[in-house]
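In what follows, every chain begins at residue 1, and chains take the letters A, B, ... in the order their sequences are listed.
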Protein chains: 2
Amino acid sequence: MNAYNPQDKVLLAVDCIIFGFDNEDLKVLFVKRDFEPEKGNWSLIGGFLKKEETLNDAANRILHNLTGVNDIYMEQFYTWSNIDRDPVERTISTSYYAIINIQEYNEKLTEHHNAKWFSLTEAPHLIFDHNEMLAKATRRLRRRTSISPIGFGLLPEKFTMRQLQKLYESILDKKLDKRNFVNKIKSMDILIKLNEKDMTSSTKGSYLYIFDQEKYDAKQTNDFYLKL
Amino acid sequence: MNAYNPQDKVLLAVDCIIFGFDNEDLKVLFVKRDFEPEKGNWSLIGGFLKKEETLNDAANRILHNLTGVNDIYMEQFYTWSNIDRDPVERTISTSYYAIINIQEYNEKLTEHHNAKWFSLTEAPHLIFDHNEMLAKATRRLRRRTSISPIGFGLLPEKFTMRQLQKLYESILDKKLDKRNFVNKIKSMDILIKLNEKDMTSSTKGSYLYIFDQEKYDAKQTNDFYLKL
DNA sequence: TTTACAAGTGTATTTTTTACATTTAGTAAA
DNA sequence: TTTACTAAATGTAAAAAATACACTTGTAAA
């Protein structure tokens, strides 16, 4: 026996908006729900919070189960509590968005046949309030991206300026000027230019870069506030 | 009987960080906890989520009980889930920050003898993870204030430019230039200058302004992105 | 009438952001 | 071997935004 009232306990779920990037478009991952209600409809990847874990643990567990990867960038952003959001039973859901590297991930994706990437612009109708979650996650991702270099997690380890620019363009959903973009990124001073070229996109080839984690960590502030 | 597992139900609380402004400093409201554990220690104002309400409802209920006021600016910002954050029982807490007008509020505050305003800089040790909540709320308030005119809710209906500037200075925790501040605020074009002066602070008196809700609503964007 | 005090106000400078076009390197085809 | 093609690489001038900065005004009290 304790001081609190057990009457008001509720189920707590975690839903993850998983963003990826295929060098062309920003993508989001959904799964086909395989139980009632709404069986067969598209849904975010989610699960229930267990007694012995935190919300972050739960989100990590869900992402790990799906991808096999453990160190995924992830951020909690809102908790949804409409009374009837889940018709089965009162369920509160905390949503996280995550950023993953499609290339690394795809091996395991092929095993999970119910999961599918969608272009952000072509997202299907989702169950419950998941479309709302997606919208809010997208806004949050946009904001974060403009002030913090989290986007790099969406690219392969080595990438070209062009890939990076396309990534920013698809996250921010607008065209950017090539020269201004390069200048701005260079002024951030957190990339290492390799002596190595990517030859797939042109005969001339374009230099590859990697993210300089040390330099980034060394900077006082974690936010760059670069406005693109 | 339903599809979900009742095992993992948890208690869900709501904690509110209530900001006020007394024309000098940014203030936060805490209450002295009147039950064990941690009886007698300072705490955020909070309560448990009830079955028939949303988290927003719960936050509004808590704020209403405390202040008697209903249309308080309020925003959910994070859900805390460390296993042992509450020693009595596993409790998840969603925190909201709220912005209230001290003047309006003070009538009812006198009734509630356990509540007390603290300057942000002099916040006491709080129970559980409430200091962390406060820190996060403060960061969020700062960000919001720089891009959105939510701060006006902290002032009396009629206010002087000087009061407004002091408010921004105490939220952002830095000195601002008087002329630049006035110019920037005027460029937002959401204030109405009254033909009326506040005579309390100088012999000359300073003009009073009110917030122009209509003009504000009419603007396309809700965010001004004024950087101060 | 002088003093004291905060209110009110504008401009020049610096910094940041934006707009914009040509040359270069390499490959493949003639 | 020359030519044509494609994407990569690069810098500067103009515009906009942010900052720094000081004197005049109005009123009440001495």
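- Per the geometry, CD belonging to A:Gln165 stands 13 Å off C1' belonging to D:dA7, to the nearest Å.
- The salt bridge (Lys or Arg N to Asp or Glu O under 4.0 Å) analysis of residues 202-216 of chain A, with sequence neighbours excluded, yields the pairs A:Asp189-A:Lys215.
- Straight-line distance from the CZ atom of B:Phe181 to the P atom of C:dT9: 14 Å, rounded to whole Å.
- Each salt bridge (Lys or Arg N to Asp or Glu O under 4.0 Å) pair with one or both residues in residues 59-77 of chain A, not counting sequence neighbours, appears once here: A:Glu53-A:Arg61, A:Glu75-A:Arg140, A:Glu75-A:Arg144.
- Regarding A:Asn183, its CG atom lies at a distance of 11 Å from the C1' atom of C:dT18, rounded to whole Å.
- Under a cutoff of 6.0 Å and an axis angle of 45°, A:Lys193 and A:Tyr207 form a cation-pi pair.
- As rounded to whole Å, 16 Å separates atom C1' of C:dT9 from atom CD1 of B:Ile185.
- Listed nucleotides C:dT17, D:dT19, D:dT12 differ in distance to B:Lys184; the shortest reach to its side chain belongs to D:dT19.
- The salt bridge (Lys or Arg N to Asp or Glu O under 4.0 Å) analysis of residues 147-171 of chain A, with sequence neighbours excluded, yields the pairs A:Glu24-A:Lys166, A:Lys158-A:Glu196, A:Glu169-A:Lys175.
- Rounded to an integer number of Å, the gap from B:Lys166 NZ to C:dA7 P is 8 Å.
- Scanning residues 197-207 of chain A for heavy-atom distances under 4.0 Å to DNA chain D yields A:Ser201, A:Ser202, A:Thr203, A:Lys204, A:Gly205, A:Ser206, A:Tyr207.
- Considering only residues two or more places apart in sequence or on other chains, B:Asp129 meets the salt bridge (charged side-chain N to carboxylate O under 4.0 Å, His left out) condition with B:Arg85.
- Proximity of B:Arg162 to the phosphate of C:dA7: a side-chain N or O atom is located under 4.0 Å from OP1 or OP2.
- Here C:dA21 presents its P atom at 13 Å from CG of A:Asn180, a figure rounded to the nearest Å.
- Checked against salt bridge (charged side-chain N to carboxylate O under 4.0 Å, His left out), B:Asp173 has no partners two or more places apart in sequence or in another chain.
- Between B:Arg179 and D:dA20 there is no side-chain N or O to OP1 or OP2 distance below 4.0 Å.
- Separating the NZ atom of A:Lys175 from the C1' atom of C:dA19 is a distance of 17 Å, rounded to the nearest angstrom.
- The nearest whole Å value for the distance from the NZ atom in B:Lys178 to the P atom in D:dT19 is 18 Å.
- Judged purely by atom type and a 3.5 angstrom limit, A:Asp57 uses its side chain to pair as donor or acceptor with the backbone of A:Thr54.
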